[in-house]
Amino acid sequence: LVTGRFGIHTGVVGHGGTAADMRPEGIYRGFSSWLSTGTIAGMLRMAGFRTALVSPFAERHGAWWFYAGFDEIYNTGKSGMDSAEDVTPTVREWIKRNAKSDNWFLHVNYWDPHTPYRAPLEFGNPFQNAPLPSWLTEEVLEKHREMVGPHGARELNMYDSYVSSEFPRHLGEVRNMTDFRKLIDGYDCGILYMDQHIGYILDDLDRESVLDETTVIVSADHAENLGELNLYAEHATADYITCRIPMIISWPGGSSDRQVRSLHYNLDLLPTLAEL
């Protein structure tokens with residue numbers, strides 16, 4: 001998403017260690033790195049945009065290249081454990097100061113649908129009576145509980161079933177269908193809670209009378225396995241579930257209510273924006 005390039009070309013093929021670093025440029029590196037113009041923020045800044053980021057992502061993964069091309073950087077400070085109420089006030093304040101200016105790009109990072117599921121309990125559970133996925137039966141769950149592996153039904157915390165009191169919606173293991181309901185509802189509440197906060201941002205842009213002239217793009221870096229392949233609350237596999245992500249674009253003067261169901265990569269976003 002950041003570079004418009006596959007990891008095999010940038011060197012970023014993992015979460016940590018040297019596998020999470022951009023490949024060194026070596027003797028051909030100039031006075032500044034290619035990252036200053038070769039990222040989505042760098043490209044837009046080169047085109048005359050003021051670029052701003054609200055995200056702790058670089059700190060979470062030691063991925064300091066993530067900051068490249070941004071004029072302003074706001075780290076919400078919880079290294080990916082941030083909830084929407086930690087993020088939105090910074091975003092709304094930025095919009096209040098800058099919305100009426102021309103040519104700005106604001107990247108906002110929400111974590112609420114990410115494990116651990118963290119929507120505040122006072123948000124409630126609008127999904128408590130919604131039907132569960134029909135494919136996961138008690139028999140399937142029992143079979144999963146006999147299998148071993150990180151993020152399996154017995155070890156949602158990757159290698160153990162530890163439960164943090166800080167995240168009461170998130171489970172340590174899925175023992176029965178009641179637990180599975182809690183897992184699914186925790187994920188859905190995370191999405192809805194995040195959606196609500198995105199709504200606050202759109203309302204602010206509307207109040208500033210700039211929503212109709214602002215492009216809004218909603219996407220993600222991965223989806224989430226919720227029992228498929230005996231993976232619970234996990235996203236480390238290159239499967240159909242993990243790779244299905246949203247790409248919602250509202251563009252001034254763009255097509256209305258258009259849906260594209262063919263295969264696309266989110267790395268195409270950078271060259272698409274460059275062309276536009």
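Model, not experiment: these values are computed from the prediction.
- Within a 6.0 Å sphere centred on CZ of R258, other residues, nucleotides and ligands contribute 12 heavy atoms or fewer.
- Heavy-atom neighbours of K100 NZ from other residues, nucleotides or ligands within 6.0 Å: above the threshold of 12.
- Taking CG of N109 as the start and OG1 of T76 as the end, the distance is 7.0 Å to the nearest 0.5 Å.
- Counting only N and O atoms by type, the side chains of N266 and S219 include no donor and acceptor under 3.5 Å apart.
- The shortest heavy-atom contact between M81 and P116 is SD-CD, 3.6 Å.
- Taking the six-membered ring where tryptophan is involved, the planes of Y232 and F180 are perpendicular, since the angle between them exceeds 60° and thus also 30°.
- A pairwise comparison of heavy atoms in C189 and G124 identifies SG-O, 3.7 Å as the closest pair.
- Under a 3.5 Å cut-off, the side chain of N157 and the backbone N or O of D160 do not form any donor-acceptor pair.
- Figure legend: R50 and W94 shown without cation-pi pairing, the cationic atom not lying both under 6.0 angstrom from the six-membered ring centre and within 45 degrees of its axis.
- Below 30°, between 30° and 60°, or above 60°: for H107 and F105 the angle between ring planes is above 60°, a perpendicular geometry.
- Two different hydrophobic clusters hold Y67 and L106 under the rule that ILVMFWY side chains link at heavy-atom gaps under 4.5 Å.
- Between P252 and T215, the shortest heavy-atom contact is CD-OG1, 3.4 Å.
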(request) Apply side chain to side chain contact (heavy atoms under 4.5 Å, CB included) to the pair D188 and I184, showing each step before the final yes or no. (result) CA-CA 6 Å; D188 287 344; I184 292 283; 3.7 Å; yes
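- For the residue pair E224 and Y117, a side-chain donor N or O sits within less than 3.5 Å of a side-chain acceptor on the partner.
- A donor-acceptor contact closer than 3.5 angstrom is absent between the side chains of S55 and N75.
- One finds the CD1 atom of I217 at 6.5 Å from the CH2 atom of W251 (value rounded to the nearest 0.5 Å).
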(request) Could you check L269 against L1 for side chain to side chain contact (heavy atoms under 4.5 Å, CB included), going step by step and ending with a plain yes or no? (result) CA-CA 7 Å; L269 182 62; L1 182 67; 3.9 Å; yes
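- S36 places no side-chain N or O within donor-acceptor distance of the main-chain N or O of S32, the cut-off being under 3.5 Å.
- Side-chain contact check for R118 versus D112: some heavy-atom pair is nearer than 4.5 Å.
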(message) One pair to check against side chain to side chain contact (heavy atoms under 4.5 Å, CB included): Y187 and K182. What are the steps and the verdict?
(response) CA-CA 9 Å; Y187 180 61; K182 184 175 180 180; over 6 Å; no
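- Remark: side-chain polar atoms of N225 are not paired, donor with acceptor, to backbone N or O of G227 under 3.5 angstrom.
- For the residue pair E25 / S33, a side-chain donor-acceptor distance below 3.5 Å is found, with atom types taken as modelled.
- At a cut-off of 3.5 Å, with distance as the only test, no side-chain donor of E228 or W135 sits close to an acceptor on the other residue.
- Salt bridge present: D185 and R181 bring a charged side-chain N and a carboxylate O closer than 4.0 Å.
- Cluster annotation: V108 is not connected to I40 through the hydrophobic network of ILVMFWY side chains, with a link wherever side-chain heavy atoms come within less than 4.5 Å.
- Ion pairing of D204 with R207 is present here, as a side-chain N (NZ or NE/NH1/NH2) and a carboxylate O approach within less than 4.0 Å.
- E155 and Y159 share no donor-acceptor pair across their side chains, judged by distance under 3.5 Å alone.
- For H151 and H235, the ring centers are positioned 6.0 Å apart or more.
- Screening D71, L44, T214 for a side chain to side chain contact (heavy atoms under 4.5 Å, CB included) involving W104 leaves a single residue, T214.
- Put simply, OG on S83 and CD on E166 are 10.0 Å apart, with the number rounded to the nearest 0.5 Å.
- Closest heavy-atom contact between M43 and L270: CE-O, 3.7 Å.
- Ion pairing between R145 and E173 holds under the 4.0 Å rule for side-chain N and carboxylate O.
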(message) Quick one, L141 with M177, criterion side chain to side chain contact (heavy atoms under 4.5 Å, CB included). Give me CA distance, side-chain angles, the key distance, then yes/no.
(response) CA-CA 8 Å; L141 177 58; M177 297 305 286; 4.1 Å; yes
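- A 4.5 Å side-chain heavy-atom check between L229 and D239 finds at least one atom pair inside the cut-off.
- A 4.5 Å side-chain heavy-atom check between L156 and V174 finds at least one atom pair inside the cut-off.
- Under a 4.5 Å side-chain heavy-atom cut-off, the cluster of Ile, Leu, Val, Met, Phe, Trp and Tyr residues that includes F123 is completed by F127, L192, Y193.
- Closest non-hydrogen pair, P56 versus D82, comes out as CG-OD1, 3.2 Å.
- R154 contributes no side-chain N or O that, together with a main-chain N or O of G149, makes up a donor-acceptor pair within less than 3.5 Å.
- By the 4.5 Å heavy-atom criterion applied to side chains, R23 and T10 are not counted as neighbours.
- Side-chain contact of H222 with T242: a donor-acceptor pair under 3.5 Å is absent, judged by distance alone.
- Atom-to-atom distance recorded for I95:CD1 and L205:CG is 4.5 Å, nearest 0.5 angstrom.
- Side-chain atoms of H170 and S164, non-hydrogen and from C-beta on, never get closer than 4.5 Å to each other.
- Interatomic distance, L267 CG to T3 OG1, rounded to the nearest 0.5 Å: 7.5 Å.
- With contacts defined as side-chain heavy-atom distances shorter than 4.5 Å, the pair E72/T51 does not qualify.
- The aromatic rings of H61 and F57 are tilted relative to each other, their planes meeting at an angle between 30° and 60°.
- Between the side chains of S101 and N98, not a single donor N or O lies within less than 3.5 Å of an accepting N or O.
- Using a 4.0 Å cut-off between a side-chain N of Lys or Arg and a carboxylate O of Asp or Glu, E208 and K96 do not qualify as a salt bridge.
- Linking ILVMFWY residues whenever their side-chain heavy atoms come closer than 4.5 Å, directly or via other members, leaves F49 and M46 in distinct clusters.
- In terms of hydrophobic clustering, with Ile, Leu, Val, Met, Phe, Trp and Tyr side chains grouped at heavy-atom distances under 4.5 Å, I191 and Y200 are assigned to different clusters.
- Using a cutoff of 4.0 Å between basic side-chain nitrogens and carboxylate oxygens, K78 and D86 are scored as salt-bridged.
- Between G48 and N103, the closest heavy-atom pair is O-CB, 3.7 Å.
- Considering only heavy atoms from C-beta on, V163 stays 4.5 Å or farther from L171 through its side chain.
- Ring geometry, F66 versus F70: the interplanar angle falls from 30° to 60°, so the pair is classed tilted.
- Hydrophobic clustering (ILVMFWY, side-chain heavy atoms < 4.5 Å, transitive): Y240 and V140 are in distinct clusters.
- Separating the CD atom in E146 from the CG atom in N230 is a distance of 10.5 Å, to the nearest 0.5 Å.
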